[in-house]
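Written below as structure tokens is the structure these notes are about.
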Amino acid sequence: MASASSSSYFGSENGDSSSFMLNTQNEAGKEKRSICRDELRCKELEIPFTVSMITNYPVEEFNSLLRQHRLNEEQLTLVKDIRRRGKNKVAAQNCRKKKMNELTGLEAEINDLKRKRGELIRDKDELKRSKLHLRKQLDQTYIEVFNSVRDNLGRPYDPRYYTLHISDDGDAHIIPNKVILSQWLAITTLLNYHHHTV
DNA sequence: CGCTGATGTCATACG
DNA sequence: GACGTATGACATCAG
């Protein structure tokens, strides 16, 4: 198929192509050079079309062109080869453009994610500072409460053995350690004795 | 001189 | 099956 036709095409040209193309199997190069080469080959084979006609004409017109001029095997092979390469050249250009656009999009996405990461890091620091502040306030409140409250014998509570709890209704209770708030509330309710409600 | 980006070409897959 | 398109891989060239 294409590879066979190309190699035979290039192969047959090895003798006189060295002046403008290297004779490696995978012939490549700049557009003008290859078009120039193809134009020359078209002239050599007496093909009555230009490279531009071959590559740019729509299928219909291209086919009618082929119908009008009876081309031999060699001419037909070259013409189809030129057309295929021309089409593929444009396809490669589009493909690369698309790839570049995708790359640009991904880079933008990366920048956006970096920005968001920065925001989240700042938020985290802010919350950390806020938590520290609340912690200090709570500690202070603890000290104030334990300093201001006395048991029914007038003695201060020892913060080593008692903990300050806030119930759902917002009431503060000083309860012995190792007793959870619900238990403590049940006990005090049972005894109808709200122990040191603050 | 070797490196790199741009470009063309080929092979291949797919529609 | 022929044809066009998309894409990876390779080659070549220019800067």
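Chain identifiers are assigned alphabetically (A, B, ...) following the order of the sequence lines, protein sequences preceding nucleic acid strands; residue numbering begins at 1 within each chain. Heavy-atom basis, side chains included; hydrogens, waters and symmetry copies ignored.
Cation-pi contact between R83(A) and F62(A): present, with separation from the ring centre below 6.0 Å and deviation from the ring axis of at most 45°.
When the side-chain nitrogen and oxygen atoms of R85(A) are compared with OP1 and OP2 of dG8(B), none of them lie within a distance under 4.0 Å. Between R84(A) and the phosphate of dC10(B), there is a side-chain N or O to OP1/OP2 separation shorter than 4.0 Å. In this model, the phosphate group of dG8(C) is approached by a side-chain N or O of K99(A) to a distance below 4.0 Å at OP1 or OP2. An OP1 or OP2 oxygen of dT9(B) is reached within less than 4.0 angstrom by a side-chain nitrogen or oxygen of R37(A). The phosphate of dT7(C) has OP1 or OP2 within less than 4.0 Å of a side-chain N or O from K98(A). For Q93(A), a side-chain nitrogen or oxygen approaches OP1 or OP2 of dG8(B) to under 4.0 Å. Applying the 4.0 Å criterion to OP1 and OP2 of dT9(B), one finds that K89(A) has every side-chain N and O outside that range.
At whole-Å resolution of the value, CG in N101(A) and C1' in dA6(C) are 15 Å apart. Atom NZ in K97(A) sits roughly 13 Å away from atom P in dT7(C) (whole-Å rounding). For the pair M100(A) CE and dT7(C) P, the computed distance is 15 Å after rounding to whole Å. Following rounding to the nearest Å, I54(A) (CD1) and dG4(C) (P) show an atom-to-atom distance of 13 Å. We find that NZ of K87(A) is positioned 10 Å from C1' of dC3(C), with the value rounded to whole Å. Atom P of nucleotide dG4(C) and atom CG of N88(A) are separated by 12 Å, given to the nearest angstrom. Atom pair L103(A):CG and dG5(B):P shows a separation of 12 Å (rounding to whole Å applied).
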Q. How far apart are the C-alpha atoms of D81(A) and R84(A), what are their side-chain angles, what is the distance that settles it, and do they pass the salt bridge (Lys or Arg N to Asp or Glu O under 4.0 Å) test?
A. CA-CA 5 Å; D81(A) 227 30; R84(A) 180 182 48 73; 2.6 Å; yes
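Evaluation of the side chain to side chain donor-acceptor pair (under 3.5 Å) rule for S64(A) yields no partner, not counting sequence neighbours. Residues meeting the salt bridge (Lys or Arg N to Asp or Glu O under 4.0 Å) test with E119(A), sequence neighbours left out: R115(A).
Side-chain atoms of R83(A) and base atoms of dG4(C) include no donor and acceptor less than 3.5 Å apart. Looking at D81(A), its side chain has no donor and acceptor atom pair within 3.5 Å of the base of dT9(B).
In this structure, E74(A) and R41(A) have side chains that are in contact, with non-hydrogen atoms separated by less than 4.5 Å.
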